[in-house]
Amino acid sequence: MSRPLVQLVDIPQRGDARGGLAVAELGGALPFAVRRVYWIYSTYPGVSRGFHAHKKLHQLCVCVAGSVRLSLFDGRREESVILDSSAKGLLIGPGLWREMHDFSSDCVLMVFADAEYDESDYIRDRDQFIRHAIG
Ligand code: TYD
């Protein structure tokens, strides 16, 4: 059995009568030390994003508002997951082609990464990715 491409982690919820509070910390929901955080929001209708893989980067994606569909492809298999809860994070390691589709208008997708932005870590050509992935 090959391992699932979609790896979801539970994000501890510490909300109370005042409302929600979710925590992602090293050793908890976060398996790596964070060196960069970015968020995708106000995505225009019908727009899809991503369409790249990383050579080394590890990321944790959390949809803190709205919903989005993430598709992951390892060069052979493709799996898709809808993120619509701040209680779940999607771990995406190196060597996975990712696409983001079906953003709701209110979607805010937070991404925690273990390295600073580095364009040389990207593979943005799908055919090149497949060659890289399956050799
Ligand atoms: P891009 O990788 O195209 O976004 P996505 O894969 O989510 O569709 O990034 C859009 C632009 O933002 C591109 O010019 C690179 C830049 N960028 C940074 O400067 N730093 C970052 O951390 C990220 C994620 C992107």
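The model shown is predicted, which means the values in this text are computed figures rather than measured ones. Every number for a ligand or one of its atoms is a count from 1 in the order of the listing.
- Within a 4.0 Å radius of atom 12 (O) of ligand 1, the protein contributes no heavy atom.
- Ion pairing between a basic and an acidic side chain is recognised when a charged N comes within 4.0 Å of a carboxylate O; E116 and R36 show no such pairing.
- In terms of protein heavy-atom proximity, atom 2 (O) of ligand 1 is nearest to R124 NH2, 3.2 Å.
- Residue contacts with ligand 1, taken as heavy atom pairs separated by less than 4.0 Å, involve I40 solely via side-chain atoms from C-beta onward.
- Panel note: side chain E79, backbone V6; a donor-acceptor pair is recorded below 3.5 Å.
- Taking only nitrogen or oxygen atoms, main chain and side chain alike, H52 reaches within less than 3.5 Å of ligand 1.
- At least one N/O-N/O distance between R49 and ligand 1 falls below 3.5 Å.
- Looking at M100 next to ligand 1, no N or O pair under 3.5 Å apart turns up.
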**Asked** Should E119 and R124 be marked as a salt bridge (charged side-chain N to carboxylate O under 4.0 Å, His left out) after you check the CA-CA gap, both sets of side-chain angles, and the distance that decides it?
**Response** CA-CA 10 Å; E119 186 59 36; R124 292 191 184 272; 2.8 Å; yes

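- In this structure, R126 forms a cation-pi arrangement with F73, its terminal cationic atom sitting closer than 6.0 Å to the ring centre and no more than 45° off the ring axis.
- Residue G50 has at least one heavy-atom neighbour below 4.0 Å for each of these atoms of ligand 1: 5 (P), 6 (O), 8 (O).
- For the residues Y122, Y38, Y117, the heavy atom positioned nearest atom 17 (N) of ligand 1 is part of Y117.
- Without hydrogens or angle criteria, D121 side chain to K56 main chain gives a donor-acceptor distance under 3.5 Å.
- Under a 4.0 Å N-O distance rule, the pair D74/R76 does not qualify as a salt bridge.
- For F129 and Y122, the gap between ring centers reaches or exceeds 6.0 Å.
- The R36 neighbourhood of ligand 1 comprises atoms 21 (C), 22 (O), 23 (C), 24 (C), with distances under 4.0 Å to a heavy atom of that residue.
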